[in-house]
Protein chains: 2
Amino acid sequence: MKLPEAKNQFISSWGAFGTHWGINRTMAQIHALLMISADPLTQDDIMEELEISRGNVNMNIRELISWGLVERVILPGERREYFNAEKDIWKVATQIIRERKKRELDPMLKLLAQLENIDGDKKDKQVKQFTETVSGIRKFGKHADQVLELMVKADENWFLGNLLKLLK
Amino acid sequence: MKLPEAKNQFISSWGAFGTHWGINRTMAQIHALLMISADPLTQDDIMEELEISRGNVNMNIRELISWGLVERVILPGERREYFNAEKDIWKVATQIIRERKKRELDPMLKLLAQLENIDGDKKDKQVKQFTETVSGIRKFGKHADQVLELMVKADENWFLGNLLKLLK
DNA sequence: CTTTATTTTCAAAATATTTTGAAAATTCAA
DNA sequence: TTGAATTTTCAAAATATTTTGAAAATAAAG
């Protein structure tokens, strides 16, 4: 397979992959394109390569920047802005984990804490099941939170190396 | 807070949570409802509780069954089918991991393997960056695959207990 | 300042997803 | 069998999301 075809395949499946993770297709495609580009690209490069509108590129680029996955690059003597993606996949993953934790897990845990103590007969079957389910999810979430916290702080090889050694 | 209000809050935020994970809102809400119900429910119970149509309930219930998160229950002497959700959150999580691994991670790894060897000048900057990115993602994916595999097979306390002890 | 290149915004259009509800299929009891 | 209860299907409608593109805003150069 030649580079252009491989590029297209990668971009397209990274895009599809993204949709399963609550990320829109185009944002994931732009991310994919930037990850495999040796040099930073302009908005126009991206528009042309992915055949999408300027507004679309602009919005999704800004979203990628807010996720900490892409940075603006100013090349000396150039008027236009360039965009560059973090290419170290470990950094990409920890950055995504960090953001999703902040945006989703933390608020969920906060809510569950509130729901754990409800008024009513603790002997009642429905009350009991509700409390048990909520507290089970909360405990699990707290564990996950700790594990993810360690993961984002740890160095790749150290963490996975030790983990796999331990568990083998 | 009283049970009914707490229930609604839980269902509604579990639904919102689901949408961030590529699961549709209603499916997640039905799942939430079944997880906090002490007893199995019928399609009509779910329709009434969530104020949604019969077809909607039916489709999403079947989807939950295909994910292995909900089971059909036949109560003796009852004509109608009842539905019951797995309530052990560890089992729920491992089941979701198992399915998503199968549906998403495995196919992605297969594709990346194909893309790792492309025709062309290995010295070319673009070819080099493409290959590096793809192989980096693939290596990471394979690690993740192993970790998830172990996680799915391990017992909750054993796994998290050891992991946290090691990393503290 | 004025002009021109570039980026950003956002209402409207296009597309995609979800939901409904009624008809068809199935299941079970009599 | 037959018929009533129940479940399933799926085209059409409703809703939600994404994309466009042109106008407004901003930034740099002359």
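Note on naming: letters A, B, ... go to the chains in the order of the sequence lines (proteins, then strands), and numbering restarts at 1 for each one.
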K.L.:
C:dA5 C1' sits how many Å from A:Glu81 CD, rounded?
P.N.:
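Distance, rounded to whole Å: 12 Å.
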K.L.:
Taking CD1 from B:Ile61 and C1' from D:dT6, how many angstroms apart are they, rounded to a whole number?
P.N.:
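These atoms are roughly 14 Å apart.
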K.L.:
Provide, to the nearest angstrom, the distance between the NE2 atom belonging to A:His20 and the P atom belonging to C:dT17.
P.N.:
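These atoms are roughly 11 Å apart.
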K.L.:
Below 4.0 angstrom, N of the basic side chain to O of the carboxylate: do A:Glu116 and A:Arg138 qualify?
P.N.:
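Between A:Arg138 and A:Glu116 there is a salt bridge, with a charged N closer than 4.0 Å to a carboxylate O.
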K.L.:
Rounded to the nearest angstrom, tell me the gap between atom CD1 in A:Ile30 and atom P in D:dT18.
P.N.:
13 Å
K.L.:
Would you say A:Asn58 reaches C:dT7's phosphate, i.e. side-chain N/O to OP1/OP2 under 4.0 Å?
P.N.:
no
K.L.:
Rounded to whole Å, please give me the gap between CZ in B:Arg62 and C1' in D:dT6.
P.N.:
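Roughly 14 Å, once rounded to whole Å.
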K.L.:
Give the B/S/- string for nucleotides 19-30 of chain C, one per nucleotide from 5' to 3', where a protein heavy atom under 4.0 Å of the base yields B, of only the sugar-phosphate yields S, and otherwise -.
P.N.:
SBB-----BB--
K.L.:
Would you say the side-chain atoms of A:Asn58 and A:Arg54 include a donor-acceptor pair closer than 3.5 Å?
P.N.:
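Judged by distance alone, the side chains do not pair up.
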K.L.:
Between A:Arg80 (CZ) and C:dT8 (C1'), how many Å, whole number?
P.N.:
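In whole Å, C:dT8 C1' and A:Arg80 CZ are 17 Å from each other.
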K.L.:
Does B:Lys2 come within less than 4.0 Å of B:Glu5, counting only side-chain N to carboxylate O?
P.N.:
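Looking at B:Glu5 together with B:Lys2, the answer is no, because their closest N to O distance does not fall below 4.0 Å.
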K.L.:
In whole angstroms, how far is the P atom of D:dT18 from the CD1 atom of A:Ile23?
P.N.:
11 Å
K.L.:
Any donor-acceptor pair under 3.5 Å linking the side-chain atoms of B:Asp45 with those of B:Thr42?
P.N.:
yes
K.L.:
Could you tell me whether the side chains of A:Gln129 and A:Thr133 share a donor-acceptor contact shorter than 3.5 Å?
P.N.:
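A donor-acceptor contact under 3.5 Å links the two side chains.
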K.L.:
Atom CG of A:Asp45 to atom C1' of C:dT7: distance rounded to whole Å?
P.N.:
15 Å
K.L.:
Taking the six-membered ring of A:Trp67 as reference, does the NZ or CZ atom of A:Arg103 fall below 6.0 Å from its centre and within a 45° cone about the axis?
P.N.:
yes
